[in-house]
Amino acid sequence: MSTWNARHYLEFGAERTRPAADLVARIDIEAPREIVDLGCGPGNSTQVLRVRWPDAIIYGIDNSPEMIDAAREAYPAQEWLLVDLSDWVPDRPVGLVFSNAALQWLGDHRTLLPRLFAAVADGGAFGFQIPSNNYTGVRRLIHGISNDPVWRDRMVAPRSALTMEEPSVYYDILAGQATAVDIWETAYFHPMDSPDAIVDWMSGTGLRPFLEVLDDDTERQRFMRLFRAQVAADYRPHPDGKVLFPFRRTFVIAYR
Ligand SMILES: C[S@@+](CC[C@H](N)C(=O)[O-])C[C@H]1O[C@@H](n2cnc3c(N)ncnc32)[C@H](O)[C@@H]1O
C-alpha cells in the first residue's frame with residue numbers, strides 16, 4: 001500500500017472536492033439512513049455528503065492510515081474506518097454507496113462494481129466519480145517519461161495502477177441490475193498559477209506510483225525535472241498569467 005500525504009492532497013482541496021458536490025447534487029434519493037464514502041481520503045467528500053444528508057449515519061472508509069488520521073482530526077464526530085476496499089462488503093445493505101475520485105485505484109471494475117452495487121439497499125443508489133480514461137495530457141506526458149530505458153522495466157505496474165473504463169462499459173456492467181443508470185462526463189478547466197502547480201497537483205496523486213518505484217532521490221529528481229520541463233512546454237500561460245489544467249471526469253449513478 002502506498003503512502004498518501006493528506007496535507008499535500010488538500011492543497012487543491014476545492015478543485016478536488018467540486019466533482020463530489022456535482023455528483024451529490026444529481027443523486028436522486030431522499031433520506032438514506034446509512035451512507036458509505038469509499039476512499040474517503042481526508043474527509044472532504046464525506047463532508048459534502050454530511051451537508052446534503054445531515055441526519056444520515058455516514059462511514060468514511062479508506063485504507064490509508066494518513067488519510068483516516070487527517071479525516072478524524074478534521075471531523076472528530078464522524079465515523080472513520082481503516083479498511084481496504086479490495087474485498088470489502090458491508091454487514092448489511094446501505095442507502096447510498098458513494099465514492100469520489102477513489103475507485104480508479106482499484107482494479108477489475110467488472111467484478112468490483114457488481115460487488116459494490118450489491119451493497120445498496122432497495123430504493124438506494126451507488127454513485128461514483130473517477131477521472132476519465134485519458135483524463136488529461138499530463139497522463140500522456142507521465143507515461144512518455146516512464147518509457148525512458150533507465151527505468152522502463154520498473155514502470156509496468158505504475159502504468160497500470162489506475163483503472164478507468166469507458167462510460168459504455170460502466171453502463172453495461174450496471175444496467176442489468178439497476179432500475180436506472182445515469183452517466184455523464186464533465187471537463188473542468190482549472191486555472192492554475194503556473195505549470196509547476198500542475199506538477200504539484202499530480203505529485204499528490206497520479207504521479208505517486210511512478211515515483212515510488214524509482215531507486216533514490218537522484219532518479220526521482222531526474223523524473224521530476226523531465227516532467228516539469230514537458231508540462232511547462234505543453235501548458236502555456238494565458239494573458240492573465242494563469243495556466244489552464246483540463247481535467248475530464250466520469251460520473252455514474254446506478255439506482256436499485
Ligand atoms: C484521490 S483520493 C480521494 C479522496 C476523497 N474521496 C476526495 O473526494 O477527494 C483517493 C483515496 O482512495 C483511497 N484508496 C485507494 N485505494 C484504496 C483501497 N484499496 N481501499 C481503500 N481506500 C483506497 C486512498 O487512500 C485515497 O485516500
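Read the numbers this way: they start at 1 and go in the same order the structure lists the ligands and their atoms.
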**Request:** Do me a favour and list the nearest non-hydrogen protein atom to atom 12 (O) of ligand 1 with residue, atom name and distance?
**Result:** Ala102 CB, 3.5 Å
**Asked** At a 4.0 Å threshold, what atoms of ligand 1 neighbour a non-hydrogen atom of Gly41?
**Response** 4 (C), 27 (O)
**Request:** Report yes or no: does a heavy atom of Ala101 sit under 4.0 Å from some atom of ligand 1?
**Result:** yes
**Asked** Numbering the atoms of ligand 1 from 1, which are under 4.0 Å from a heavy atom of Ser64?
**Response** 25 (O)
**Request:** Return a yes/no value for Pro42: is any of its N or O atoms, backbone included, closer than 3.5 angstrom to an N or O of ligand 1?
**Result:** no
**Prompt:** Less than 4.0 Å between a side-chain N and a carboxylate O, is that true for Asp148 and Arg222?
**Reply:** yes
**Nearest-0.5 Å distance, CD of residue Gln47 to CZ of residue Arg50** = 7.5 Å
**Asked** Cluster question for you: counting only ILVMFWY and a side-chain heavy-atom cut-off of under 4.5 Å, with indirect links fine, are Val24 and Val97 together?
**Response** no
**Prompt:** Which protein heavy atom lies closest to atom 3 (C) of ligand 1, and at what distance to 0.1 Å?
**Reply:** Tyr9 OH, 3.2 Å
**Prompt:** ligand 1 and Trp105, any nitrogen or oxygen pair closer than 3.5 angstrom?
**Reply:** no
**Request:** For ligand 1, note which part of Asp62 has a heavy atom under 4.0 Å away: side chain, backbone, both or neither.
**Result:** both
**Request:** Give the numbers and elements of all ligand 1 atoms closer than 4.0 Å to a heavy atom of Asp84.
**Result:** 18 (C), 19 (N), 20 (N)
**Residue-ligand contact Leu106/ligand 1, heavy atom below 4.0 Å** = yes
**Item:** Proximity to ligand 1 by part of Cys40, non-hydrogen separation under 4.0 Å
**Value:** backbone
**Prompt:** Between Ser45 and Asn100, is any side-chain donor less than 3.5 angstrom from a side-chain acceptor?
**Reply:** no
**Complete:** For Ser45, the atoms of ligand 1 under 4.0 Å from one of its heavy atoms are 5 (C), 6 (N), 7 (C), 8 (O)
**Item:** Nearest protein heavy atom with distance in Å, relative to atom 20 (N) of ligand 1
**Value:** Leu85 N, 2.9 Å
**Request:** Measure from the ring center of Tyr255 to the ring center of Phe126 and say whether it is less than 6.0 Å.
**Result:** no
**Item:** Numbered atoms and elements of ligand 1 in range of Val83, under 4.0 angstrom, heavy atoms
**Value:** 20 (N), 21 (C)
**Item:** Distance under 6.0 Å and angle within 45° of ring axis: Arg208 vs Trp201
**Value:** no
**Prompt:** Would one find an N or O of Asn63, backbone or side chain, under 3.5 Å from an N or O of ligand 1?
**Reply:** yes
**Request:** Could you tell me whether some N/O pair between Asn100 and ligand 1 is separated by less than 3.5 angstrom?
**Result:** yes
**Prompt:** N/O to N/O below 3.5 Å, does that happen between Asn44 and ligand 1?
**Reply:** yes
**Item:** Over 12 non-hydrogen atoms of neighbours within 6.0 angstrom of CZ in Arg228
**Value:** yes
**Fill in**
Contacts of Ala187 meeting side chain to side chain contact (heavy atoms under 4.5 Å, CB included) (sequence neighbours excluded), chain-then-number -> Phe189, Arg248
**Asked** Can we say Arg249 and Asp22 salt-bridge, meaning some charged N sits less than 4.0 Å from an Asp/Glu carboxylate O?
**Response** no
**Prompt:** Any non-hydrogen atom of Asp37 lying under 4.0 Å from ligand 1?
**Reply:** no
**Request:** Under the salt bridge (Lys or Arg N to Asp or Glu O under 4.0 Å) rule, what do Arg72 and Glu79 come out as? Steps first, then yes or no, please.
**Result:** CA-CA 8 Å; Arg72 194 169 279 131; Glu79 301 279 348; over 6 Å; no
**Message:** Any salt bridge linking Glu11 with Arg16? Criterion: basic side-chain nitrogen under 4.0 Å from a carboxylate oxygen.
**Reply:** no
**Message:** If you define the side chain from C-beta out and look only at heavy atoms, does anything of Val252 sit under 4.5 Å from Leu174?
**Reply:** yes
**Distance-only N or O hit between ligand 1 and Ile61, under 3.5 Å** = no
